[in-house]
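What follows is one structure encoded as structure tokens, with my remarks underneath.
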Amino acid sequence: MSLIELPAEILLQIFDHVGSSYFRSDLSRLRVCKRWNGLAHIVCFREACITTKMLRRMASSPYAESSLREMEILDLNLEGFGTVRPGTVLDPKDSSWNYVPDQSSLQRRTMELNDDLVHLATIIKQSRKLRTLRIKAIKPSNPVFEIRETYLFPSTLRALLLSTSNLTALELDLYGTRPEPEGHPHHGDDGHVCPMIGALLPTLQRLRLRVRTICADALKPPRDFPGPLPLRVLLVDFVLTEELANEKSRFTARCGGPGRFVRLAQVVRGVVLSRARALLPHMSAPKMVRILTRTFSGDEIQGINVLTGKNIKVKKDAEWDGDSEVMMD
């Protein structure tokens, strides 16, 4: 019996073992025959990794929507755009894809990125199989460019989060962007993402947040949810600039709409930590609950293990849920 004559369920197990990356690295591997293509297509697009550069091409592709309907895992790896620093002569050979010549182009590219993500959200909404969503927004390190940090709009994040209903894992790694609302800096509750995160708690098993600002609404499940929560892993990692870390005793940062503030002095021992402690009894089988804080240039991440109440430190390059060391008080 040839490989293609195997029962469909066995072929799918073989394709699962090979992995979606095998097919995505060379799409010609899908085109063996009609039966092969149908089964391999399911595995190929079960896990999607999309970059800022790919989003533009997807927006004009007639196949994007149908290809992503079987998606179970979505990784969004986003980067901002930059203009050349004044007085810098750009090497003609430098063809960086996220370079823009002027401020008007910068605004246009930023709007295009958010429009493309909102379009992606409409596709995600049709994918009933999506269970894992990871969004990573980084700040490119390039001394030649001035990088815009406010390239991901909160309303765009809201659209992405509202497009999901059955997530079991959510990871928002947003340290590379400062998500200000579009237009006026006080854009109202459209800029408040935290309640959207809290609304997903009834299905989440893993929640990992690396952010600059957040409030307790992110850890508040819907009032009508009877519980218990399936949440097993909860990690909140605050990233502070050196300036804010030095002034954290008095600095406040806006979280969402007008009047929503979180004091950076309360990052570890304040409202977010209190909310995590209040959430703990409602978690059916908690495995890890950590509230952490770090600086951009610091070598250590410090925080609290909410399960034990111990102060901990984690190496900067360690995995979010990696081993930690207990700090002696």
Side-chain angles (χ1 to χ4, degrees), residues 47 71-76 124-125 127-137 154 157-158 160-175 192-239 255-256 262 266-294 301-312 314 318-324 326:
E47 181 176 351
M71 179 174 55
E72 296 178 9
I73 300 172
L74 173 59
D75 281 291
L76 284 175
I124 293 175
K125 200 166 187 177
S127 177
R128 301 299 180 185
K129 297 183 179 181
L130 183 64
R131 295 294 179 267
T132 299
L133 175 61
R134 306 186 189 104
I135 304 176
K136 184 173 184 178
L157 280 174
R158 283 169 58 90
L160 289 167
L161 295 178
L162 286 171
S163 67
T164 62
S165 57
N166 297 301
L167 285 183
T168 58
L170 174 64
E171 183 175 312
L172 299 180
D173 193 349
L174 307 178
Y175 77 94
H192 196 205
V193 177
C194 299
M196 302 298 101
I197 300 173
L200 297 173
L201 287 174
T203 62
L204 289 179
Q205 297 176 22
R206 296 175 59 86
L207 175 59
R208 309 204 303 181
L209 306 172
R210 184 177 304 177
V211 292
R212 298 193 188 190
T213 60
I214 197 174
C215 72
D217 287 352
L219 303 184
K220 289 182 181 178
R223 292 183 179 180
D224 58 352
F225 180 70
L229 294 170
L231 194 63
R232 301 181 69 241
V233 175
L234 170 61
L235 297 172
V236 181
D237 184 358
F238 292 87
V239 183
C255 179
V262 54
Q266 298 175 340
V267 160
V268 175
R269 299 188 182 276
V271 292
V272 175
L273 176 59
S274 297
R275 186 58 223 164
R277 285 171 171 160
L279 196 65
L280 191 58
H282 302 283
M283 297 167 62
S284 58
K287 178 182 177 182
M288 180 178 293
V289 182
R290 291 177 177 175
I291 308 296
L292 307 171
T293 183
R294 69 169 77 198
I301 308 167
Q302 298 186 4
I304 291 181
N305 182 335
V306 180
L307 290 176
T308 64
K310 301 289 187 180
N311 292 329
I312 59 173
V314 182
E319 289 294 326
W320 289 17
D321 49 3
D323 292 337
S324 62
V326 176

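Starting from 1, each residue takes its place in the sequence as its number. Only heavy atoms go into these numbers, but all of them, side chains included; no hydrogens, no water, no symmetry mates.
- In this structure the side chain of Leu167 reaches within 4.5 angstrom of the side chain of Leu204, judged on heavy atoms.
- With sequence neighbours excluded, the residues forming a side-chain contact (heavy atoms from CB on, under 4.5 Å) with Ala278 are Arg275, listed by chain and number.
- For the pair Leu201 and Phe225, the minimum side-chain heavy-atom distance is 4.5 Å or more.
- Once rounded to the nearest 0.5 Å, the distance linking CG of Leu172 with CG of Leu133 reads 7.0 Å.
- Residues in residues 222-234 take part in no salt bridge (charged side-chain N to carboxylate O under 4.0 Å, His left out) pair, two or more places apart or across chains.
- Residues passing the side-chain hydrogen bond (donor to acceptor under 3.5 Å, both in side chains) test with Lys129, sequence neighbours excluded: Glu70.
- Between Pro230 and Ser284 the shortest heavy-atom distance is CA-OG, 3.8 Å.
- When side chains are defined from C-beta on, Thr203 does not count as touching Ser165, because their heavy atoms never get closer than 4.5 Å.
- Residues Leu234 and Leu219 meet the side-chain proximity criterion, which asks for heavy atoms closer than 4.5 Å.
- Ser163 meets the side-chain contact (heavy atoms from CB on, under 4.5 Å) test with Ala121, Ile124, Lys125; sequence neighbours excluded.
- Between Cys215 and Val272, the closest heavy-atom pair is C-CG2, 4.3 Å.
- From Arg206, atom CZ reaches atom NZ of Lys287 across 7.5 Å, with rounding to the nearest 0.5 Å.
- Rounded to the nearest 0.5 angstrom, Asp237 CG and Leu292 CG are separated by 5.0 Å.
- In plain terms, the two heavy atoms of Val314 and Arg290 that are nearest each other are CG2-NH1, 4.0 Å.
- Asp75 is linked by a side-chain hydrogen bond (donor to acceptor under 3.5 Å, both in side chains) to Arg134, counting only residues two or more places apart in sequence or in another chain.
- A search for salt bridge (charged side-chain N to carboxylate O under 4.0 Å, His left out) contacts involving Lys136 returns nothing, not counting sequence neighbours.
- Note that CG of Leu229 and CG of Leu280 are 10.5 Å apart. Values are rounded to the nearest 0.5 Å.
- Within the 4.5 Å cutoff, the side chain of Leu231 has no heavy atoms near those of the Val289 side chain.
- Looking only at distances, a side-chain donor or acceptor of Thr168 sits under 3.5 Å from a matching main-chain atom of Arg131.
- Here Ile304 contributes atom CD1 and Ile291 contributes atom CD1; the two are 8.5 Å apart, rounded to the nearest 0.5 Å.
- Annotation: side chain of Arg277 is in contact with side chain of Leu273 (closest heavy-atom distance under 4.5 Å).
- The line from NZ of Lys220 to CG of Asp217 is 5.0 Å long, rounded to the nearest 0.5 Å.
- Leu235 is listed as a side-chain neighbour of Met288, based on a closest heavy-atom distance under 4.5 Å.
- Considering only heavy atoms from C-beta on, Thr164 stays 4.5 Å or farther from Leu170 through its side chain.
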